[in-house]
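Scroll down for the structure; my scribbles are underneath it.
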Amino acid sequence: MREDRNVYDVTVVGGGPTGMFAAFYGGLRQMKVKIIESLPQLGGQLAALYPEKYIYDIAGFPKVRAQELVNQLKEQLSLFSPAICLNQSVETLEKQEDGTFKLTTDKEIHYSKTVIITAGNGAFQPRRLELESASQYEGKNLHYFISDLEQFAGKRVLVCGGGDSAVDWSLMLEPIAASVTIVHRRDKFRAHEHSVEQLMKSRVQVKTPFVPAELIGDEQGIRQVVLEHVKEGTKETIDVDAVVVNYGFISSLGPIKNWGLDIEKNSIKVNSRMETNIPGVYAAGDICTYDGKIKLIACGFGEAPIAISSAKTYIDPTARMQPAHSSSLF
Ligand SMILES: Cc1cc2nc3c(=O)[nH]c(=O)nc-3n(C[C@H](O)[C@H](O)[C@H](O)COP(=O)(O)OP(=O)(O)OC[C@H]3O[C@@H](n4cnc5c(N)ncnc54)[C@H](O)[C@@H]3O)c2cc1C
């Protein structure tokens with residue numbers, strides 16, 4: 001297990017909008033900040049569940065596409081270059097004898113003076129292909145995320161799914177890959193009408209209503225996929241070099257329930273300073289609850305500076321809870 005022996009002032013668990021803004025605010029308050037996010041991307045629900053939708057209730061933005069808001073948050077965050085650890089899910093949180101916290105993820109051990117939990121509904125994981133042997137091809141040529149389109153150049157790619165991500169990735173892969181086949185269990189795609197129209201005009205081969213029924217491969221990866229017609233049960237085998245699965249995401253509070261926090265209906269109870277029952281641990285955004293709590297991005301944005309300022313005064317009791325105005329800092 002890797003270990004980062006640096007002790008951060010604050011570690012933010014969850015890189016959704018609340019966590020991103022909290023990390024930015026930590027920078028503004030001159031704290032050494034780290035974010036840990038279970039997905040290989042920042043943005044939480046916005047990036048994972050509805051990147052193409054417009055949001056109409058962010059102050060100052062009459063309307064903003066969810067992914068665009070994430071991009072703006074990333075730009076704002078980059079001002080202070082916090083440590084960003086993606087693809088790591090925090091599994092345990094322990095207070096050590098010297099008062100610092102030890103956070104253990106599935107990959108690494110981290111240390112921090114304070115912790116802000118901005119974990120939304122819990123760690124997101126991609127909904128996986130439920131086929132025997134699927135897991136053995138992860139890290140080979142079975143992908144749940146695409147970080148580099150070029151790795152598919154000249155390859156025969158099978159994309160599984162019927163939503164926006166599956167259709168968008170098929171269209172983006174089409175000019176690069178040798179061939180792209182999209183398989184969806186229903187006749188109708190759930191993606192935007194415009195994207196589906198483009199898909200039908202493209203070179204992408206559309207297989208509906210089919211599901212992947214079997215993976216045939218070797219040590220190197222999947223070589224063939226058997227597709228089964230959902231209604232007729234007939235089967236077809238196609239040759240593949242890569243399989244991309246876009247079945248959406250599932251989230252679960254999971255290990256957070258075992259961290260000794262006061263939890264009510266899957267949410268962490270906090271007071272008006274965003275303090276949990278564990279001194280030095282704070283919560284903000286969708287994961288936290290208090291009398292009158294509502295789950296909105298705008299509320300997470302309000303709670304984040306409170307949580308950060310509480311953490312700041314916890315580390316340095318002489319620091320002021322009220323931060324200086326950002327307009328007077330630069
Ligand atoms: C379809 C849809 C439309 C919406 N529209 C609006 C809208 O118009 N306006 C509005 O205000 N709100 C809207 N919302 C709600 C809004 O998206 C949430 O309020 C917001 O995302 C909460 O932000 P957050 O940062 O608190 O949590 P999240 O966005 O849920 O982010 C939490 C992050 O923490 C990560 N995480 C969790 N546990 C761990 C762990 N143990 N280790 C590492 N990482 C972890 C998760 O993977 C996730 O990325 C909408 C939600 C949906 C689903």
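This chain uses plain numbering: 1 for the first residue, then up along the sequence. Just so you know, ligand 1 is whichever comes first in the structure, and atom 1 is the first atom listed for that ligand.
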Which atom pairs, nitrogen or oxygen on both sides, join ligand 1 and the protein at under 3.5 angstrom?
| residue | atom | partner | partner atom | Å |
| --- | --- | --- | --- | --- |
| ligand 1 | 9 (N) | Asp57 | OD1 | 2.8 |
| ligand 1 | 9 (N) | Asp57 | OD2 | 3.4 |
| ligand 1 | 11 (O) | Ile297 | N | 2.9 |
| ligand 1 | 14 (N) | Tyr50 | OH | 3.2 |
| ligand 1 | 17 (O) | Tyr50 | OH | 2.6 |
| ligand 1 | 19 (O) | Asp286 | OD1 | 2.9 |
| ligand 1 | 19 (O) | Asp286 | OD2 | 3.1 |
| ligand 1 | 25 (O) | Pro17 | N | 3.3 |
| ligand 1 | 25 (O) | Thr18 | N | 3.0 |
| ligand 1 | 25 (O) | Thr18 | OG1 | 3.2 |
| ligand 1 | 26 (O) | Thr18 | OG1 | 3.0 |
| ligand 1 | 26 (O) | Asp286 | N | 3.0 |
| ligand 1 | 29 (O) | Gln45 | N | 2.9 |
| ligand 1 | 30 (O) | Gln45 | NE2 | 2.9 |
| ligand 1 | 38 (N) | Ala123 | N | 3.0 |
| ligand 1 | 41 (N) | Val90 | O | 3.2 |
| ligand 1 | 42 (N) | Val90 | N | 2.9 |
| ligand 1 | 44 (N) | Ser38 | N | 3.1 |
| ligand 1 | 47 (O) | Glu37 | OE2 | 2.7 |
| ligand 1 | 47 (O) | Ser38 | OG | 3.0 |
| ligand 1 | 47 (O) | Phe124 | N | 3.0 |
| ligand 1 | 49 (O) | Glu37 | OE1 | 2.7 |
| ligand 1 | 49 (O) | Glu37 | OE2 | 3.0 |

Is it the case that more than 12 heavy atoms not belonging to Arg128 sit under 6.0 Å from its CZ atom? yes
With sequence neighbours left out, what residues match Gln198 under side chain to side chain contact (heavy atoms under 4.5 Å, CB included)? Leu171, His194
So that I can tick it off, tell me whether Lys34 and Asp4 are bridged by a salt bridge, with the cut-off set at under 4.0 angstrom between side-chain N and carboxylate O. yes
Can you give me every donor-acceptor pair (side chain of residues 236-246, partner residue at least two apart or in another chain, under 3.5 Å) with its distance?
| residue | atom | partner | partner atom | Å |
| --- | --- | --- | --- | --- |
| Glu236 | OE1 | Lys207 | NZ | 2.7 |
| Glu236 | OE2 | Lys207 | NZ | 3.1 |
| Asp239 | OD1 | Gln224 | NE2 | 2.9 |
| Asp241 | OD1 | Arg156 | NH2 | 2.9 |
| Asp241 | OD2 | Arg156 | N | 2.7 |
| Asp241 | OD2 | Arg156 | NE | 3.0 |

What's in the same ILVMFWY side-chain cluster as Ile268, cut-off under 4.5 Å, chained through other members? Val13, Ile36, Val90, Leu93, Phe101, Leu103, Val115, Ile117, Leu253, Ile256, Trp259, Leu261, Ile263, Ile278, Val281, Ile287
Taking Lys231 first and then Asp187, would you say they form a salt bridge - that is, a charged N and a carboxylate O separated by under 4.0 Å? yes
